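Owing to the predicted nature of the structure, the values given are computational and were not obtained by experimental measurement. Atoms within a ligand are numbered from 1 in the order they appear, just like the ligands themselves. Atoms considered below: every heavy atom in the structure, side chains included; atoms not considered: hydrogens, waters and symmetry mates.
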Amino acid sequence: MGRKKSIIKIPKNVFLKCPHCSKRNKAIVDIESCPQKFVCPKCNKEVNTPIAQCCVICAFSNKRCPRSLYMEARVKGLELR
Ligand SMILES: [Zn+2]
Ligand SMILES: [Zn+2]
């Protein structure tokens, strides 16, 4: 029985939801992205990665950062695109 190789897709951009004003801010993701903070353009507050979270992409968007996906792909032997 052939096992289908799972594919993990790296997002091109994400929406970071500001925890202060709930605005969703579009952010471009590059292959090495693991940003530790962003500044919300609406309320101008700086948002930092919460303790025990990987980065603001993992914490404040519904996607995960490329670095985190890359680690998972390596551990599970998945294909990354
Ligand atoms: Zn905000
Ligand atoms: Zn992350």
Given the Zn ion (ligand 1) as the apex, I'd like the angle to SG of C21 and SG of C18, rounded to 10 degrees.
110°
Derivation of the side chain to side chain contact (heavy atoms under 4.5 Å, CB included) call for N25 and F15
CA-CA 5 Å; N25 303 293; F15 285 93; over 6 Å; no
Looking at the Zn ion (ligand 1), is there an N, O or S atom belonging to H20 that lies under 2.8 Å away from it?
no
Close side-chain approach of C54 and C65, heavy atoms under 4.5 Å
yes
Angle subtended at the Zn ion (ligand 2) by SG of C55 and SG of C58, nearest 10°
110°
Which heavy atom of N13 sits nearest to which heavy atom of I28, and what is that distance?
CB-CA, 4.1 Å
Does the distance from a Lys or Arg side-chain N to an Asp or Glu carboxylate O, for R74 and E72, drop under 4.0 Å?
no
